[in-house]
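Note sheet for the following structure.
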Amino acid sequence: MSQPTNEEIFARWRTQPAPLLPVLHALHERDGYLGEQALRDVSRALRLPLADLFGTVTFYHFFRREPPHGEGLRVCTGPVCCLAGGEELLEALAADGARPMPCAGRCDEPVPVLDDRRVRTGTAPDALAARPSPLPAPNPGGCAECVFEGIREPGRAGIDGYRAGGGYAALRRAVEELDPGEVIQLVTDSGLAGRGGAGFPTGVKWRAVADAPGTPKTIVCNADEGEPGCFKDRALLDHDPHAVIEGMLLAAFATGATRGFIYLRYEYPETAGVLERAIDEAIRAGILGDDVLGSGRAFALHVRRGAGAYICGEEGSLLNSLEGKHPFPRNRPPFPVTHGYENLPTVVNNVETLASVPPIIRHGPEWYRGLGRNGEAGTKVISLSGDIQRPGNYEVPMGLSLKTLLHEWAGGPAAGRTIQAVTMAGLSGGFLAGDDLDVTLDEPSIRSRGSFLGAGGIMVFDDSRDMVAAADGAMAFFAHESCGKCFPCRIGTQRLTERLRGEAGPAELAAWLDEVRDLGGVMKSMSACGLGIAAPLITDSLVKHFPDQVERHVRQGATRR
Ligand SMILES: Cc1cc2nc3c(=O)[nH]c(=O)nc-3n(C[C@H](O)[C@H](O)[C@H](O)COP(=O)(O)O)c2cc1C
Ligand code: SF4
């Protein structure tokens, strides 16, 4: 098949919304890299200043500026893949030009190896194979589920299978029986809060967008899922894409939005195909398009793939990325609800948040509230990985005890081992250990221990692991992914990494601790977004739970230097 010319690529995308990323991906896929002339042509075709375009393109980790050596493989060396032999696999594939990549969202099936079009997983070169996302195992606690309620039904990823399980009934009910304000009220009454990390009440967000002046309004599904240890959104999108589309359509109905984007992380190439197929099916069924289910309302939905930058999950950065700008987080206020995509009112919601809405409209807000425990509303999908016998995605009642999940649902650590620590919120919540493992899985309980549940990634470290090395890997990730917009985060993450690596810092323990606390304190109070605010939780929790390991590390570092 002949390759498209630059002009054909530009002609296809120039009239579409958010064209920069798809144009860059098309050129990159064709040539294997983004050469200078190609970028000059993009600059002309999309009327973007060349210097800005160079700055933006070089910010994304996955855009090569030179032809690749070999297959251009990327091997995950994230925290869980390191435990499972990621570094060794990288070394084994080095002759083929393989390079490391941060956590690629396959912690349930380490180790992922990505080329430009697909992901294979395995722990040795000859064991690499393309494997579909594992379906979540049936809930061992027998607890009622919300987003996983129908996910295991056969054919669920197709529109017929989805409809057979009651899919799109909530949207039909909304357009035929409810007004937008009633939909917002149902979501508000359910107590649903954002599942992407910040936990903002979804109904309040939708109300703000519905009330904000300015059109067209936009719904953005945040499927960037870059947090190490999180892989729930991939499972939802791969096995239940129509639930996410229906959630977006309900958000559009409630707020008056007429266009939407699914911003998908680059490392999920197969998921892009699943979504395109589901969108085509929904258009053919009259569910997406100019006349949603005969309601006279229009909604156009587009998939846009990121290019490998963790910060693009932060909503301001994501919106800048969609708009073809340098993906720095935006200063707030104003917030996306009034000044989002193209400075117009925009809902940004996580995949899990949106997938929760159709069951809430179908079963009612009381049903959803009642799924939680101890006064907490609803459920949360936890991505569990690391030193645990049954890793995977578990939809738990909010308020379930962490230990019940770890030991009763997921089989505990390997025989003869004990759990030394777990991470919270992927990496962003730092470590919990000792008595702090007695938490329940809800924000009030986890925040009372100085951490947070966030997007619900939990990595387990057994008693054989070096926790300073684990903290070093985590801080190095934040240093690599800091966008550099503000210096406390840009420099602080580097300085903390050097101290955790034993490359710098005082040789005396008290001075080392003071310095690390001071660096973290400045980052928490002065950083412009959640990355720089959360990163010091790694060092805070390391020092709190593992003073002996820290003392040994400082002593050894002093001897080495
Ligand atoms: C550094 C950083 C990375 C983030 N990454 C994601 C992400 O990958 N997916 C996501 O849904 N939210 C992410 N968020 C949170 C978003 O900014 C935003 O709060 C969320 O998408 C809102 O959706 P929700 O209300 O449904 O949770 C991130 C935030 C920060 C500070
Ligand atoms: S805190 Fe870090 S990631 Fe966030 S804007 Fe500042 S430099 Fe960028």
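Numbering of ligands and ligand atoms starts at 1, following listing order. Atom set for the values below is all heavy atoms of this structure, side chains included, hydrogens, waters and symmetry mates excluded. Count residues from 1 along the sequence.
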* Which is it for Arg106 and Thr121 under the side-chain hydrogen bond (donor to acceptor under 3.5 Å, both in side chains) test, yes or no, and what are the steps along the way? -> CA-CA 8 Å; Arg106 300 259 169 174; Thr121 60; over 6 Å; no
Do [X] and ligand 1 have an N or O pair less than 3.5 Å apart?
| X | value |
| --- | --- |
| Phe200 | no |
| Glu315 | yes |
| Asp233 | no |

Give the numbers and elements of all ligand 1 atoms closer than 4.0 Å to a heavy atom of [X].
| X | result |
| --- | --- |
| Gly226 | 8 (O) |
| Tyr310 | 1 (C) |
| Asp224 | 8 (O) |
| Gly530 | 31 (C) |
| Asn350 | 10 (C), 11 (O), 23 (O), 24 (P), 26 (O), 27 (O) |

Identity and separation of the nearest protein heavy atom to [atom]:
| atom | result |
| --- | --- |
| atom 10 (C) of ligand 1 | Asn222 ND2, 3.1 Å |
| atom 24 (P) of ligand 1 | Gly194 CA, 3.5 Å |
| atom 25 (O) of ligand 1 | Lys205 NZ, 3.0 Å |
| atom 8 (O) of ligand 1 | Glu225 N, 3.0 Å |
| atom 15 (C) of ligand 1 | Gly196 O, 3.9 Å |

So, [X] and [Y], do they make that salt bridge, N to O below 4.0 Å?
| X | Y | value |
| --- | --- | --- |
| Glu395 | Lys380 | no |
| Lys217 | Glu342 | no |
| Asp540 | Arg517 | no |
| Arg362 | Glu149 | yes |
| Glu498 | Arg501 | no |

* Structure fact -> Heavy-atom closest pair (Pro17 atom, Phe261 atom, distance to 0.1 Å) is CB-CZ, 3.8 Å
* Please report the shortest heavy-atom distance between Glu323 and Gly340, naming the atom on each side. =>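 In this case the closest contact between Glu323 and Gly340 is OE2-O, 3.5 Å.
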* To do: Indicate whether the side chain of Glu145 and that of Thr379 have a donor and an acceptor atom separated by less than 3.5 Å.
  => no
* To do: Answer with yes or no whether the side chains of Asp238 and Thr271 bring together a donor and an acceptor at under 3.5 Å.
  => yes
* Heavy-atom proximity to atom 31 (C) of ligand 1, best of Arg195, Glu314, Arg265 ->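 Of the listed residues, Glu314 has the closest heavy atom.
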* Out of Ala198, Gly313, Gly197, Gly316, whose heavy atom is nearest to atom 16 (C) of ligand 1? ->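 Nearest option to atom 16 (C) of ligand 1, by heavy atoms: Gly313.
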* So which of Phe62, Tyr60, Tyr310 actually passes ring-ring contact (aromatic ring centres under 6.0 Å, His included) with Tyr266? ->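 Among the candidates, only Phe62 passes.
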* Regarding Arg490 and the six-membered ring of Phe487, is the cationic atom NZ or CZ under 6.0 Å from the ring centre and inside 45° of its axis? ->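 Geometry flag: not set, cation outside 6.0 Å or 45°.
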* **Check: Tyr368 ring centroid to His363 ring centroid under 6.0 Å** =>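 No, the ring centres sit 6.0 Å or more apart.
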* **Glu481 near ligand 1 by a heavy-atom separation under 4.0 Å** => no
* Determine whether any heavy atom of Glu227 lies closer than 4.0 Å to an atom of ligand 1. => no
* Could you walk me through whether Thr353 and Arg195 pass side-chain hydrogen bond (donor to acceptor under 3.5 Å, both in side chains), step by step? => CA-CA 5 Å; Thr353 314; Arg195 299 306 193 219; 6.0 Å; no
* Heavy-atom contacts under 4.0 Å between Thr353 and ligand 1: side chain, backbone, both, or neither? ->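 Near ligand 1, Thr353 shows its side chain, while the N, CA, C and O stay back.
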* Protein N/O/S atoms under 2.8 Å of atom 8 (Fe) of ligand 2? ->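 Atoms qualifying: Cys483 SG.
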* Residue pair Asp442, Asn374: steps toward the side-chain hydrogen bond (donor to acceptor under 3.5 Å, both in side chains) verdict -> CA-CA 9 Å; Asp442 53 80; Asn374 312 329; 4.8 Å; no
